[in-house]
Amino acid sequence: MALLDWIVIGLFFLVLIGIIVWVVKQKQNDSADYFLGGRDATWIAIGASIFASNIGSEHLIGLAGAGASSGMAMAHWEIQGWMILILGWVFVPFYSRSMVYTMPEFLERRYNPQSRTILSVISLISYVLTKVAVTVYAGGLVFQQVFGIEELWGIDFFWIAAIGLVLITAVYTIFGGMKSVLYTSVLQTPILLLGSLIILVLGLKELGGWDEMMRIAGATVVNDYGDTMTNLIRNNGDPNFPWLGALIGSAIIGFWYWCTDQFIVQRVLSGKNQKEARRGTIFGAYLKLLPVFLFLIPGMIAFALHQKTGSFLPLLSSGAHNADAAFPVLVAKLLPAGVKGLVVCGILAALMSSLASLFNSSSMLFTIDFYKRFKPDTSEKKLVAIGQMATVVIVILGILWIPIMRSVGDVLYAYLQDVQSVLAPGIAAAFLLGITWKRTSAQGGMWGLLAGMIIGLTRLGAKVFYSTAVAPSENIFKYIFYDVNWLFFCGWMFLFCIIVVVLVSLCTKAPSAEKIQGLVFGTATKEQLAETRASWNHWDIIHSLIILGITVAFYIYFW
């Protein structure tokens with residue numbers, strides 16, 4: 001790191017501090033101001049925040065690592081702008097009419113208080129198991145590689161970098177709330193995009209161009225069926241990414257994440273109205289087309305450079321190349337002074353924006369869905385303080401989970417999707433049937449969630465146990481909960497949860513018309529329908545069609 005790099009990083013922090021000070025000075029009179037920014041966000045802030053919240057350091061490390069180890073396989077999860085369009089066009093009207101703060105609160109409106117509690121528990125567990133742990137781990141790893149420091153003051157620099165950044169982010173999120181998340185994202189998103197674009201361009205230049213990358217990756221066979229690193233659609237016998245499982249599994253995980261997860265949807269709930277919220281999702285969908293090219297392709301470039309030179313990536317003790325080091329190695333080896341500082345700012349932005357969103361969402365879940373329900377007379381000021389304390393606990397739990405996480409999955413991004421694949425099906429089933437089928441009863445939705453949680457935790461426990469067990473015995477339990485491909489398991493689990501919801505609903509009392517008014521298709525009033533219709537025009541449709549067209553073209557090119 002040269003002096004110019006440190007100057008660039010210093011300027012980034014000065015601007016960031018300026019934004020945070022401005023946000024903190026804004027009046028935040030109650031929990032709506034603190035958690036949802038007063039519900040007055042515009043489409044630019046919403047779209048930028050959706051993208052910046054999604055793109056964390058797990059993308060810089062994990063997605064690039066997936067590119068360097070398995071090629072295009074993980075692109076199914078990253079070319080999901082179309083799924084954000086479903087959030088904007090299908091779910092925004094329902095969420096807007098319900099005027100809820102959280103997704104569990106929406107389920108209480110649609111089903112019952114027990115459903116709200118179950119989703120709150122699942123969401124907080126998922127934040128600890130995936131978002132906190134992965135982001136902290138990846139953040140520490142990337143800065144250890146970029147700065148080239150192994151130890152500082154006798155302490156592993158990995159932990160200094162990771163926990164230091166967590167504390168910095170926690171401080172500004174605690175004091176600034178949702179507005180600090182939204183407005184810092186407007187700064188962080190362009191820096192992240194620019195820094196990653198520079199990596200892509202310089203990486204291709206070093207390698208010899210796009211065709212050279214496609215030639216090397218296309219000559220690398222990844223399974224016994226002749227599929228290569230450039231194949232997005234792989235033989236259904238592929239042990240990791242069978243095409244049917246990948247299409248179904250990525251859609252289920254994507255539906256849960258983009259349309260029902262508090263972490264993302266909270267950005268939409270902060271919108272001024274349906275028009276701003278929907279256009280924010282369209283803008284976010286455009287931005288979501290970029291990660292494949294800004295993070296996954298650089299991983300493939302790093303792999304190709306390693307194949308050409310034999311020494312570009314560091315080696316693991318097994319002798320294989322360290323895929324998760326792909327992005328930081330590109331930064332360290334290819335970037336000139338000043339530009340390296342800019343990319344480090346992009347990495348900082350990625351880590352802080354995703355962590356800030358996580359902190360705000362998790363504190364809101366605990367405060368609104370647990371504490372306020374049991375102590376409804378609590379003052380607004382105390383509610384904010386309770387949320388701040390909850391954030392600290394979640395961060396500590398996430399850090400404690402990191403050593404276990406490292407034993408479950410070798411490639412970081414695959415680990416993240418693997419865990420999400422067992423958390424998503426039950427929630428997706430409850431939300432999907434909740435808004436599409438009037439007959440879905442409170443008990444049906446609740447038992448669908450419970451079934452998903454029990455099966456998911458069983459699968460996760462089996463993964464931890466069997467991945468460390470010595471010569472485990474073969475049995476039906478091991479086959480179902482460990483041996484079955486994770487994507488097929490996700491699909492079958494989703495189908496099972498759908499069946500549970502349908503059967504229980506048919507055996508229990510149907511919800512009243514008043515209970516589901518405005519929350520299910522076909523139940524909106526004329527005024528509600530008119531409000532939704534007035535919130536979009538032909539340009540919203542045109543932009544949505546462009547996004548869908550680009551997605552189809554991508555699948556055709558990498559088929």
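Just so you know, these numbers come straight off a predicted model, no measurement behind them. Excluded from the calculations below are hydrogen atoms, water molecules and symmetry mates; all remaining heavy atoms, backbone and side chain alike, are included.
Within a 6.0 Å radius of CZ in Phe496, no more than 12 heavy atoms belonging to other residues, nucleotides or ligands are found.
For Lys515 (side chain) and Tyr111 (main-chain N/O), a donor-acceptor pair under 3.5 Å exists by modelled atom type. Proximity of a side-chain donor or acceptor of Asp369 to a complementary backbone N or O of Phe366 within less than 3.5 Å is not detected.
Of all heavy-atom pairs between Ala429 and Ile498, the closest is CB-CD1, 3.9 Å. When every heavy atom of Leu63 is checked against every heavy atom of Pro291, the shortest pair comes out as CD2-O, 3.9 Å. Of all the heavy atoms in Ile282 and Ser544, the pair that sits closest is CD1-OG, 3.9 Å.
Contacts of Gln528 classified as side chain to side chain contact (heavy atoms under 4.5 Å, CB included), with partners at least two apart in sequence or in another chain: Arg97, Gln517, Ala524, Thr525. For Phe255, the ring-ring contact (aromatic ring centres under 6.0 Å, His included) partners are Phe91, not counting sequence neighbours. With sequence neighbours excluded, the residues satisfying ring-ring contact (aromatic ring centres under 6.0 Å, His included) with Tyr482 are Tyr466.
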Go through the steps to decide whether Gln443 and Asn112 satisfy the test side chain to side chain contact (heavy atoms under 4.5 Å, CB included), and finish with yes or no. CA-CA 8 Å; Gln443 293 297 315; Asn112 55 26; 4.0 Å; yes
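Using bins of under 30°, 30° to 60° and over 60° for the plane-to-plane angle, the ring pair Trp210/Tyr557 lands in the tilted bin. The aromatic rings of Phe295 and Phe327 lie tilted to each other, with the angle between the two planes from 30° to 60°.
A distance below 6.0 Å separates the ring centres of Tyr555 and His76.
For the pair Trp437/Ser505, a side-chain contact is recorded, criterion being any heavy-atom separation below 4.5 Å from C-beta on. Counting heavy atoms from C-beta on, the side chains of Val422 and Ile455 never come closer than 4.5 Å. Using a 4.5 Å heavy-atom cutoff, the side chains of Phe106 and Phe431 are in contact. Side chains of Phe489 and Asn485 form no contact here, defined as non-hydrogen atoms less than 4.5 Å apart. Between Phe241 and Asp238 there is a side-chain heavy-atom pair separated by less than 4.5 Å.
Remark: Arg278 is not positioned above the aromatic ring of Trp43, lacking an NZ or CZ atom under 6.0 angstrom from the ring centre and at most 45 degrees off the axis.
Defined by atom type and a distance below 3.5 Å, a donor-acceptor pair is present between the side-chain atoms of Thr532 and Gln274.
Exactly one residue among Ile435, Leu519, Leu269 makes a side chain to side chain contact (heavy atoms under 4.5 Å, CB included) with Tyr95. That residue is Leu269.
Atom CG of residue Asn235 and atom CG of residue Leu244 lie 11.5 Å apart, to the nearest 0.5 angstrom.
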